[in-house]
Enquirer: 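What follows is a single structure, and I will ask about it in a moment.
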Amino acid sequence: MDDLRLPPIADLASSGATRRTLLKAGGGLAAAGLLGLGGASAQADTAVPKKGGTLRVAITGGTAGDTLDAHNTLTQPDSYRVMAMYDGLVSLSPDAQVINKLAESMECDAKAMSWTIRVRSDAKFHDGRPVTAKDVAFSFNRISDPKAPTVGAVALAPLDLGNIQYLDDRTLRIPTKVPYAVLRDVISCPFMAGIVPTDYDPKKPIGAGPFKFKSMTPAQQTEFTRFDEYYDGPAYLDGFILQEQFTDNLAAYNALQGGQVDAVANAPANLIRQIKNSTTLKALLSEPAEITPFTMRADKPPFNDPNVRMALRLMMDRERFVKITLSGYGTVANDIYGQYDPSFDSSLVRHQDLDQAKFLLKKAGVDRLELITTDMANGIIPMAEIFAQQAAKAGVKVQVTQANNDVYSENMYSKVPFSQDFFFYSPIMGQPPLSFLPGSFLNETHWADAEYLKVYDEAKGIVDFGKRTEMIHRLQQIEFERGTWVVPSYNSVVDILAKNVMGLPKSRTGYALGNFSLTKAWLA
Amino acid sequence: MTGSGLAAMLLRRLLLGLLTLLLVSLVVFAATQLLPGDVATAILGRTATPARIAALRAALHLNHAPLAQYGLWILGLLHGDLGNSLVTGKPILSDIAGRLYNSSLLVIITAVISLPIAVIAGLAAAVRHDRATDIALSTVALALSALPEFVIGIALIIVSSLAAPHVLPMVSLVQPGHSPLQTPRVLVLPLLTLTLVVFPYVFRMMRGSMIDVLESDYIEMARLKGVSPHRLLIVHALPSALPPTIQAIALTLAYLAGGIVVVEYVFGYAGIGEGIVSAVGTRDLPEIQDFTLILAAVYVCLNIIADVCTVLLTPKLRTRRA
Amino acid sequence: MTILHVFFRRQGWLGTIALLLVVLVLAVVILGPFLAPQSPTDSVDDVFALPAPGEWLGSDVLGRDVLSRVLSGGWRFLTMAAIATILGVGVGSLLGVTAALRGGVLDEMIMRLADVALAFPQLILALLFMSFAGSSLSLVVLVIAVVHMPQVARTLRAAALKVVDEDYVRYSRSIGLPQWRILLLDILPNVRTTLLVESGLRLTFSIALIASLNYLSFGAQPPSADWGLMIHENQIGIESNPWPVIAPVVLIALLSIGINILSDRLSRGAKPRLAASEPDDAA
């Protein structure tokens with residue numbers, strides 16, 4: 001098991017590495033680049049980027065509820081739409097560090113009782129207006145609107161938005177209700193805290209991101225065009241189309257082969273071998289980043305019994321799981337997340353223990369479970385089937401029921417007792433506001449562990465990195481002991497690209513297409 | 001035979017067709033009544049939100065008595081109001097138009113390609129009755145007619161991907177709002193599949209009727225009179241063998257109305273058949289009802305046309321009826 | 001002289017080949033589960049591994065042994081097809097023969113109902129039923145059986161009509177034999193060739209329909225090994241390891257072709273067979 005873990009990351013974490021060394025590591029990753037490339041195309045990758053062209057990206061998982069709203073996303077395609085159109089104050093770099101985006105600077109005071117945020121002077125919305133402090137305040141208020149809170153509301157809850165001070169046109173100071181040192185981490189997730197103008201209308205969406213909205217047919221396709229005045233360097237592409245009309249990965253992959261799209265984002269890992277000798281296709285492989293937890297409702301039998309949750313974690317053969325469901329493109333995880341966070345505790349390692357699993361399940365009287373799931377992210381269904389296979393060895397028959405995406409997101413998400421979900425990489429402190437705090441939008445396991453919540457509340461106010469890391473380790477310890485997720489693997493995200501798609505970097509955030517770096521992409 | 005007698009026959013056949021359609025619509029409707037308990041809950045599952053159940057009840061007119069539900073549905077259909085999809089919430093009419101177009105395109109091109117081939121093969125087999133050509137063609141037809149449509153489709157995918165990788169797309173995507181004719185490549189494999197699917201039917205019909213004709217007395221007479229073999233075949237025999245073939249053509253089109261379901265699914269071709277499969281997958285009740293009824297209507301109509309053609313083109317039947 | 005020789009004499013080389021095909025595939029179906037070298041539902045290798053000694057057809061989308069899945073994947077679906085055929089032909093022919101025997105209102109009712117059912121393409125009728133009742137294996141069998149009934153009823157009614165006016169039937173009637181005895185003793189024996197041919201034809205259709213439903217994933221559910229489902233699951237890996245698709249496709253094809261040629265041979269001498277349904281309701 002040990003050889004499958006990530007020694008460099010573990011080393012970095014335990015030595016409290018600086019951001020700089022991490023960035024260096026990221027640079028190394030970027031150089032490792034693309035898989036399945038011949039020498040010729042590797043050269044082309046270093047060639048001078050060409051302007052123009054429209055990138056057509058196939059992605060599965062869309063629903064009729066597809067949205068363009070900056071703050072209300074659910075599915076994978078939703079996240080990518082939002083990343084294309086909106087920028088946040090901060091974001092994740094391809095090597096999974098929190099970096100400034102619209103923020104020129106963003107700092108809290110020594111006690112973490114206020115945040116001073118200064119917006120870049122060159123940042124503009126799609127209609128040409130500059131991004132101002134007022135827009136930041138409006139966006140934060142919209143996210144936390146008590147009448148219609150959005151995914152990011154819990155993350156912004158500690159902010160005292162009623163008492164914002166404007167220092168100048170593009171600088172604001174937001175006081176906090178309680179010490180809150182981790183704001184940068186919690187809003188780094190790019191799909192929930194995009195900055196929108198004060199007159200924002202999701203029907204005519206405007207943001208400060210690299211692409212402008214052109215048209216959308218839900219569950220079919222969304223078109224975007226380049227925003228020429230993008231502050232961070234406009235894209236080479238004239239635009240891109242997100243195509244969701246494919247019923248499954250097979251259809252999307254076939255479309256790629258037929259030249260009807262240029263890329264399949266988040267493709268099955270088992271396609272990598274298939275295209276190794278292809279003259280027209282190549283694979284872009286991320287570092288292990290995405291997680292696809294099995295989610296167990298802590299308020300519903302039998303999962304309200306922590307022993308049952310533990311048994312399901314113990315019964316898993318994680319190496320085998322990675323080998324089969326990810327074709328080996330991933331690493332073993334130990335039911336916790338945030339593996340690239342400097343505060344990550346790499347000493348928590350889960351070993352398979354079938355006997356103990358059987359014993360616990362027998363004690364709880366569990367011999368049958370229904371796993372209700374949907375093809376929400378690549379590999380989810382095979383993962384469910386392998387889970388069922390492994391559970392059978394521990395004496396539990398797991399019936400896998402696959403629902404349609406639409407029906408699932410409408411009727412089943414966060415309601416069924418046992419399911420699956422997917423998450424992109426997040427710094428450790430960024431995940432609980434999404435998943436585990438009271439009111440969290442994506443809290444599908446309805447977990448409300450008093451000690452966990454207390455430790456989180458304490459940790460979020462600690463400015464000192466070393467002290468906060470201790471608290472974070474305690475959080476991870478609790479999740480490791482009695483959390484509601486089984487996280488068997490960190491998944492490498494695979495994109496299959498036509499060979500003329502260039503410039504996408506290697507990444508480790510779990511966002512497809514090299515951290516969805518479409519400003520870097522170009523068509524040869 | 002008098003014109004009025006013919007008209008009466010046509011009218012009778014048409015009325016019978018309408019009656020069938022009415023009964024078909026009743027069957028489609030009655031299927032919804034078979035669901036145990038509350039239909040809305042049965043469709044949406046136990047974990048459905050009350051709002052969605054309410055929306056579904058309204059969409060299906062579930063708050064009315066069964067007969068009224070049926071009436072409202074049919075009335076809506078007659079007004080061109082097909083209701084809204086449960087899944088997308090959009091009017092089914094907007095979805096169905098494109099699908100109908102795509103499917104008809106597939107069916108018509110299939111007919112245009114496959115019928116001449118099958119007719120000529122049928123003729124060839126009849127002329128060489130019980131000789132090598134006939135036995136070979138008949139065996140091929142017999143074998144093809146046994147194969148499920150999807151097996152033919154997948155076999156073609158395998159063959160094309162192994163023999164000439166990446167030449168033909170394995171999936172036939174049609175951009176929404178575009179015609180498949182803009183990307184004719186996507187039509188190749190589905191057309192080939194459907195051609196192989198319908199070949200045996202027309203072939204056998206043509207072969208059988210041609211053999212009957214060639215063995216008839218008047219052809220024998222002509223042959224004895226010394227009419228040349230080609231003339232014999234084309235001028236004397238073919239006209240008599242055509243009526244059953246025209247009937248076969250109409251029946252083939254009707255058959256295709258069902259056969260496209262799996263073939264469209266295999267190739268991911270956005271036609272009405274693929275629509276039915278995905279609607280069944282999502283239990284999108286209004287869509288299932290409308291799609292099935294429309295396909296059945298097409299099927300019934302084509303069957304009527306087949307019958308009428310037969311009657312019109314067969315002198316014997318015409319007099320018998322008159 | 002072996003049975004095969006006799007068969008060859010009567011049915012020719014084509015019939016013999018067909019028989020051998022059917023026997024071969026049936027052997028795979030029946031003996032397969034006992035011969036499977038691995039568990040058909042356990043992942044034993046990498047995903048889509050190519051054939052190798054010990055894994056003669058490689059592995060599938062979940063790293064399961066393809067050969068073991070192919071060997072285990074036929075019996076359930078073939079049993080379903082057989083039961084559906086027996087049920088469909090049984091009830092259908094009973095309806096048809098009864099209609100012919102009784103005539104009148106009952107006849108009219110049964111035949112009009114058959115007309116309505118025949119106004120749907122078979123697969124669509126099956127899908128319609130399944131969309132409301134959900135998918136379970138016993139339901140698939142029932143649906144396929146029901147879908148067969150109208151055509152069987154029609155064919156058997158036509159065959160029985162030729163018999164009901166025969167002297168021996170009249171005699172049986174005149175001495176007041178109960179109808180079920182007439183049906184059983186006088187009519188059934190005289191329509192048995194039609195019945196046999198119809199059964200063969202329906203079996204081919206059952207196989208096609210059930211395989212199609214499984215392929216559309218409305219029938220067999222993962223992780224069970226099933227030929228139709230296997231094709232669906234592994235279509236994405238055709239270029240890595242085509243065998244999990246090729247093997248079931250070939251087996252389904254050989255079986256269908258074999259049964260179809262056999263029933264065609266049997267029908268020779270009975271009557272010339274037309275593939276398309278005859279529009280006899282117009283008469």
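These numbers were taken from a predicted model, which means no experiment stands behind them. As a basis for the values below, the full set of heavy atoms in this structure was taken, side chains included, without hydrogen atoms, waters or symmetry mates.
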Enquirer: Shorter than 4.5 Å, heavy atoms on both sides: which option in B:Ile158, B:Ile152, B:Thr20 has the most such pairs with chain C?
Expert: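 Sorted descending by pairs with chain C, the first entry is B:Ile158.
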
Enquirer: Just give me the residue among C:Pro242, C:Ala211, C:Ala18 that pairs up with chain B most often, heavy atom to heavy atom, under 4.5 Å.
Expert: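 Among the listed options, the one with the most contacts to chain B is C:Ala211.
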
Enquirer: Of the backbone (N, CA, C, O) and the side chain (C-beta and beyond), which part of C:Ile246 lies under 4.5 Å from a heavy atom of chain B, both, or neither?
Expert: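 Contact with chain B involves both backbone and side-chain atoms of C:Ile246.
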
Enquirer: Looking at B:Leu23, B:Leu21, B:Leu144, which one has more heavy-atom pairs under 4.5 Å with chain C than the rest?
Expert: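 Among B:Leu23, B:Leu21, B:Leu144, the one with the most close pairs to chain C is B:Leu23.
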
Enquirer: Quick check for you: among B:Gly273, B:Ala297, B:Ser161, B:Ala296, which has the greatest number of heavy-atom pairs under 4.5 Å with chain C?
Expert: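 Ranked by contacts with chain C, first place is B:Ala296.
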
Enquirer: Does a donor on one side chain and an acceptor on the other come within less than 3.5 Å for B:Glu264 and B:Ser103?
Expert: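 Indeed, the side chains of B:Glu264 and B:Ser103 share at least one donor-acceptor pair under 3.5 Å.
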
Enquirer: Side chains of C:His148 and C:Thr85: any donor to acceptor distance under 3.5 Å?
Expert: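 On atom types as modelled, these side chains do not qualify, holding no pair under 3.5 Å.
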
Enquirer: Compute whether any side-chain donor of one residue and acceptor of the other, for B:Ser138 and B:Arg204, lie under 3.5 angstrom apart.
Expert: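 Per modelled atom types, B:Ser138 and B:Arg204 side chains form no pair under 3.5 Å.
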
Enquirer: With a 4.5 angstrom heavy-atom cut-off, could you sort out which part of B:Val277 is near chain C: side chain, backbone, both or neither?
Expert: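 The answer is both parts of B:Val277.
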
Enquirer: With a 4.5 angstrom heavy-atom cut-off, is it the side chain or the backbone of C:Ile261 that approaches chain B, or both, or neither?
Expert: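 Both parts, backbone and side chain.
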
Enquirer: Among B:Gly17, B:Ala279, B:Ala155, B:Ala146, which residue forms the greatest number of heavy-atom pairs with chain C at distances under 4.5 Å?
Expert: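 Option with the top pair count is B:Ala146.
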
Enquirer: Given the options C:Leu216, C:Leu14, C:Leu123, C:Ile238, which has more heavy-atom pairs under 4.5 Å with chain B than any of the others?
Expert: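 Among C:Leu216, C:Leu14, C:Leu123, C:Ile238, the one with the most close pairs to chain B is C:Leu216.
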
Enquirer: Among B:Val300, B:Ile154, B:Val262, which residue forms the greatest number of heavy-atom pairs with chain C at distances under 4.5 Å?
Expert: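 Counting heavy-atom pairs under 4.5 Å, the top option is B:Ile154.
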
Enquirer: Heavy-atom pairs under 4.5 Å with chain C: which of B:Val151, B:Val24, B:Leu295 has the most?
Expert: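 Top count of heavy-atom pairs under 4.5 Å with chain C: B:Val24.
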
Enquirer: With a 4.5 Å cut-off on side-chain heavy atoms, are C:Leu209 and C:Gln122 touching?
Expert: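 They are in contact (side-chain heavy atoms under 4.5 Å apart), so the answer is yes.
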
Enquirer: Considering only NZ, NE, NH1 and NH2 on the basic side and carboxylate oxygens on the acidic side, decide whether C:Arg69 and C:Asp226 come within less than 4.0 Å.
Expert: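 No, this pair does not count.
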
Enquirer: Between B:Arg99 and B:Glu287, does any side-chain N to carboxylate O distance fall below 4.0 Å?
Expert: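 Judged by the 4.0 Å cut-off on N to carboxylate O distance, B:Arg99 and B:Glu287 do not form a salt bridge.
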
Enquirer: What part of B:Ile157 gets within 4.5 angstrom of chain C, counting heavy atoms only: side chain, backbone, both, or neither?
Expert: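 Only the side chain of B:Ile157 comes within 4.5 Å of chain C.
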
Enquirer: Consider only side-chain N and O atoms of C:Gln235 and C:Tyr215, and report whether a donor and an acceptor are under 3.5 Å apart.
Expert: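 Checked: C:Gln235/C:Tyr215 side chains pair up, N/O donor to acceptor below 3.5 Å.
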
Enquirer: Is a side-chain N or O of C:Asn241 found less than 3.5 angstrom from the main chain of C:Asn234, in a donor-acceptor match?
Expert: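 No.
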
